[in-house]
Each structure stands twice: as C-alpha cells, then as structure tokens.
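One structure below.
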Amino acid sequence: MKSVNLKETRQRKYILEQVRKLSSHPTAEDLYFAINKKFPAVSKATLYRNLDNFCKKGLIKRIEGKYQRFDGNVKPHNHIKCVYCGRVDDIFFDIEINSKKLKKLGYKIEDFAVAINGICPKCAKNKVK
Ligand SMILES: [Zn+2]
Ligand SMILES: [Zn+2]
C-alpha cells in the first residue's frame, strides 16, 4: 500500500510541475499528453481530479471558456484570448476599471479579472493568406 501512495504523490507533484512549467495555459488535454509520456498509468479521471484539487487549494487557476485551461501562475493578472485557436496570453499591464460606476451599484471591489478576446499574431497571419 505504501508504494502506491508514494507513486501517487510523485504523480501529483509531476502534474503540478507541468501546469506551472507550461506557461501556455494548457488545457486538460494538453496536460494529459504531457503527463502520459512520463506516467502512462495516469488516467484522465485521475488527472482531472488532481487539477480540481489544485484549483480548490489555490495552487493553480482555472481559466473559464470554451476550452478549459489551467494557469500555474496564481498571481493576479489578466488574459487575452484568441477567438480562433484558443491561445491565451498573459496581460500584466493595468486595466482601468470605472470605480465610480461600480460604486453606484453599491459594490466594494475585492478583485477583478478581465478577459479580452482577439486574434493572435499567428491566426492573423494565416487569415491574410
Ligand atoms: Zn490564434
Ligand atoms: Zn495567465
């Protein structure tokens, strides 16, 4: 039994490492491919369960959208997403929010996330052809 637990711990550590290493905001599918190379025994169900746990613990973040992606960077930042290929890039510059208008709604702001949609350089280039 002990060896099974040890193996699971190693797998869990590796999954977390992969999410943090892949700055491309990998989908669960991307991660499955990456992890499968090293741990072929890890099923998709196990992977999803682990990703879910990491999110709950705040170790990684889930990016909602058509393709569910994961972010190993939990520091506050925003995202820009390509509407064609689903690629997600980080935005580190400040985005101004209209706090006056929000105050009118009676809210005190805790934090916010902005999702910007666009066309990535690669897709823009392909479209021109
Ligand atoms: Zn694109
Ligand atoms: Zn990000």
Side-chain angles (χ1 to χ4, degrees):
M1 277 317 255
K2 229 177 180 177
S3 64
V4 172
N5 287 339
L6 186 68
K7 202 173 142 204
E8 272 188 16
T9 307
R10 270 179 45 218
Q11 287 172 355
R12 205 173 303 143
K13 220 179 128 196
Y14 187 72
I15 294 170
L16 186 58
E17 266 171 26
Q18 290 304 302
V19 185
R20 287 181 171 159
K21 206 177 89 185
L22 295 167
S23 54
S24 58
H25 306 88
T27 61
E29 200 78 9
D30 294 335
L31 286 163
Y32 182 70
F33 275 114
I35 283 139
N36 198 257
K37 275 184 224 155
K38 187 157 176 170
F39 294 104
V42 174
S43 68
K44 280 191 183 179
T46 303
L47 173 65
Y48 290 177
R49 201 180 55 234
N50 275 294
L51 291 172
D52 222 48
N53 267 325
F54 295 150
C55 287
K56 277 183 194 151
K57 286 182 186 159
L59 295 169
I60 61 168
K61 272 190 172 177
R62 196 192 300 269
I63 306 170
E64 302 297 339
K66 189 166 134 203
Y67 311 87
Q68 200 170 83
R69 290 172 174 272
F70 295 89
D71 199 341
N73 180 3
V74 291
K75 288 188 188 127
H77 65 278
N78 295 297
H79 291 122
I80 186 160
K81 199 189 301 174
C82 177
V83 292
Y84 289 105
C85 66
R87 169 178 155 181
V88 174
D89 279 300
D90 290 327
I91 297 173
F92 290 106
F93 54 80
D94 285 335
I95 293 168
E96 297 247 359
I97 50 164
N98 194 326
S99 50
K100 262 188 200 161
K101 281 196 174 169
L102 282 166
K103 252 187 192 157
K104 269 188 189 165
L105 292 171
Y107 276 82
K108 186 184 153 284
I109 301 149
E110 295 256 300
D111 78 281
F112 71 98
V114 176
I116 302 174
N117 294 317
I119 303 167
C120 76
K122 209 172 144 197
C123 288
K125 216 168 141 191
N126 288 342
K127 282 220 92 180
V128 172
K129 271 181 206 165

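All ligand and atom numbering here is 1-based and tracks the order in the structure.
- Each of Q11, E17, R10 was scored for a side chain to side chain contact (heavy atoms under 4.5 Å, CB included) with K13, with one residue passing: E17.
- Summarising the local packing, CZ of F33 is surrounded by 12 or fewer heavy atoms from other residues, nucleotides or ligands at distances under 6.0 Å.
- Note that the NZ atom of K44 and the CG atom of N36 stand 9.5 Å from one another [nearest 0.5 Å].
- Around the Zn ion (ligand 1), the two atoms SG of C82 and SG of C85 are separated by an angle of 110°, to 10 degrees.
- Rounded to 10°, the angle formed at the Zn ion (ligand 1) by SG of C123 and SG of C120 is 110°.
- D71 has its closest N, O or S atom to the Zn ion (ligand 2) at the position named OD2.
- Rounding to 10°, one obtains 100° for the angle at the Zn ion (ligand 2) between NE2 (H79) and NE2 (H25).
- Angle NE2 (H77) to the Zn ion (ligand 2) to OD1 (D90): 90°, rounded to 10°.
- Taking 2.8 Å as the threshold, D89 does not count as a candidate ligand of the Zn ion (ligand 2), since none of its N, O or S atoms lies below it.
- Taking a 6.0 Å sphere around CZ of F92, one finds it holds more than 12 heavy atoms contributed by other residues, nucleotides or ligands.
- Between the side chain of R69 and the backbone N or O of H25 there is at least one donor-acceptor pair closer than 3.5 Å.
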